[in-house]
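The structure appears below as structure tokens.
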Number of protein chains: 2
Amino acid sequence: MKKTGPEAKLLVVDDEPNIRELLSTSLRFAGFDVVAAANGRDALAAAETHNPDLAVLDVMLPDMDGFTVTRRLRAAGRHFPVVFLTARDDTDDKVTGLTVGGDDYVTKPFSLDEVVARIRAVLRRTHPLEDDDAVIRVDDLELDDDAHEVRRGGEVIDLSPTEFKLLRYLMMNPNRVLSKAQILDHVWEYDFNGDASIVESYISYLRRKIDRNPNAVALIQTKRGVGYLLRTADKR
Amino acid sequence: MKKTGPEAKLLVVDDEPNIRELLSTSLRFAGFDVVAAANGRDALAAAETHNPDLAVLDVMLPDMDGFTVTRRLRAAGRHFPVVFLTARDDTDDKVTGLTVGGDDYVTKPFSLDEVVARIRAVLRRTHPLEDDDAVIRVDDLELDDDAHEVRRGGEVIDLSPTEFKLLRYLMMNPNRVLSKAQILDHVWEYDFNGDASIVESYISYLRRKIDRNPNAVALIQTKRGVGYLLRTADKR
DNA sequence: CAAGGGGCTTACAGCAGGCGTACAGCGAAT
DNA sequence: ATTCGCTGTACGCCTGCTGTAAGCCCCTTG
């Protein structure tokens with residue numbers, strides 16, 4: 001009935017059409033069943049109709065704020081968790097109470113992959129029945145999302161936040177070429193308007209840390225003119 | 001979050017919707033089965049219907065005070081323990097009598113984690129059958145909630161109340177990154193309106209007391225840009 | 001083989017996050 | 001009244017992260 005991984009049903013609520021579409025599309029692609037709403041009123045109605053497993057909820061809505069929506073949902077007996085979206089200068093230090101219970105929040109502008117990861121983490125926490133692990137494995141590489149830790153052959157590797165997100169994106173898509181544009185879109189914040197060459201730099205940083213053994217087969221491979229891919233041992 | 005106890009059933013009674021929801025959500029997430037009521041009359045009815053194992057009861061209710069509710073409950077043969085919620089400025093004499101029997105009280109504004117801990121403590125006392133221990137262990141670190149005492153390698157460490165709550169929260173969530181916002185929401189009182197940087201200060205205080213050995217692997221680790229985590233030895 | 005383009009790596013400036021200490025206010029204990 | 005410990009804020013220092021730029025290498029193609 002309640003599903004944690006893909007196929008869970010999500011309610012996405014944001015009044016900005018761009019953000020709403022961006023989120024709906026990526027979440028759908030990530031395997032979720034998505035229902036969208038543009039304001040609090042519609043959100044409440046949609047929650048009644050579709051009974052989602054989780055809501056992604058902008059705290060600044062035209063008709064009522066996200067907290068009010070949440071309170072009304074809960075009062076109506078809907079106890080699914082919420083991932084709030086907040087403006088960065090809102091939350092940076094002040095706004096509290098967003099992480100009570102199984103809830104969490106993400107600041108705008110966000111990275112799409114980060115939102116997906118946070119949603120998965122919340123679903124994992126609130127429905128611990130499923131043996132859906134927080135650890136992604138590719139060969140002897142392990143990425144633990146809960147502990148925010150990466151290990152290669154059991155040895156801990158220290159990564160910066162951006163390196164971590166990049167590696168997670170690669171590991172979520174093993175043996176598949178990812179273009180620099182794709183990587184930018186998924187790993188960097190959606191308003192980033194720098195050069196795609198930054199991906200090259202970060203791939204380089206990652207290689208230095210996880211592919212440091214020159215004798216072993218490299219995990220991160222370049223497909224010239226196309227993109228990068230993370231290769232598993234059995235697919236070589 | 002560690003879920004303890006076999007899903008005891010709680011009755012939460014408070015007339016302020018925000019507090020009621022805050023408590024219900026947290027307690028539900030902590031693994032309890034929660035029923036909520038907004039006033040004394042509904043509370044009595046809910047107690048009849050649901051037969052809870054414990055009640056969290058605001059002493060200031062619109063229709064009758066918490067003592068009256070308790071008296072009527074007991075008169076009706078309901079002998080489950082009660083955790084009272086009282087305003088901080090209530091005089092001591094008003095508070096006396098709240099801890100007789102297995103009962104306890106918490107002053108508003110409270111820290112969410114503190115309420116959960118107190119509820120668990122009361123349940124532990126009244127249902128000693130459960131092999132639910134008051135001691136949390138992480139490596140050679142022990143935190144005894146009943147004795148309010150912390151030991152590292154058997155040696156007692158003196159902590160201030162805030163330090164204790166912070167450490168307890170960390171120890172309840174080992175090997176999981178906790179953001180400063182999460183820590184604020186769980187450890188500090190719900191109306192705390194200050195800066196999240198206070199968490200940094202208290203982490204610093206804690207380190208000075210429990211991670212004083214510079215040669216050993218630090219228990220408290222910083223995940224820059226993400227949060228903090230308490231690391232166990234086997235997960236290194 | 002030469003030229004061009006794509007990719008790799010490193011350097012670096014600017015900046016944000018985190019650390020630790022100092023301190024003032026406050027309430028409890030003496 | 002005085003002392004004491006605890007809390008929350010402020011602040012200066014430092015570390016390490018980020019994004020850009022630049023030079024080099026290598027692959028591809030004519």
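Quick caveat, the model's predicted, so the values are computed rather than measured. Chain identifiers are assigned alphabetically (A, B, ...) following the order of the sequence lines, protein sequences preceding nucleic acid strands; residue numbering begins at 1 within each chain.
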How would nucleotides 18-30 of chain D be written as a contact map, 5' to 3', with B for base contact, S for sugar-phosphate-only contact and - for no contact, using protein heavy atoms under 4.0 Å? BBBB----BB---
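Between A/F164 atom CZ and D/dC17 atom P the separation is 14 Å, expressed in whole Å. Atom P of nucleotide C/dC8 and atom CD of A/Q221 are separated by 11 Å, given to the nearest angstrom. With rounding to whole Å, B/I183 atom CD1 is found 16 Å from D/dG8 atom C1'. Computed from coordinates, the A/I220 CD1 to C/dG7 P distance equals 15 Å when rounded to whole Å. Here the C1' atom of nucleotide C/dT10 and the CD1 atom of A/I203 are 17 Å apart, to the nearest Å.
The aromatic rings of B/F110 and B/Y190 lie perpendicular to each other, with more than 60° between the two planes, well past the 30° mark. Classification of the B/Y205-B/Y202 ring pair by plane angle, with boundaries at 30° and 60°, yields perpendicular. Relative ring orientation between A/F164 and A/H148 is described as parallel, the plane-to-plane angle staying below 30° on a 0-90° scale split at 30° and 60°.
B/D58 places no side-chain N or O within 3.5 Å of a backbone atom of B/L61 that could act as its donor or acceptor partner.
Taking the side-chain hydrogen bond (donor to acceptor under 3.5 Å, both in side chains) definition, one finds that B/D146 meets it with B/R124, sequence neighbours left out.
Remark: B/D145 engages B/R168 in a salt bridge, criterion side-chain N to carboxylate O under 4.0 Å. Looking at B/D139 and B/R152, no side-chain N of the basic residue comes within less than 4.0 Å of a carboxylate O on the acidic one, giving no salt bridge. Classification of B/R137 and B/E142 as a salt-bridged pair holds, one side-chain N sitting under 4.0 Å from a carboxylate O. A salt bridge does not link B/R224 with A/D158: every distance from a Lys NZ or Arg NE/NH1/NH2 to an Asp or Glu carboxylate oxygen is 4.0 Å or more.
At least one side-chain nitrogen or oxygen of A/Y228 sits closer than 4.0 Å to the OP1 or OP2 atom of C/dC8. Under 4.0 angstrom from either OP1 or OP2 of C/dG7 there lies at least one side-chain N or O belonging to A/K180. Between A/T222 and the phosphate of C/dC8, there is a side-chain N or O to OP1/OP2 separation shorter than 4.0 Å.
Remark: B/R207, B/R208 in residues 206-213 of chain B come within less than 4.0 Å of DNA chain C through at least one heavy atom.
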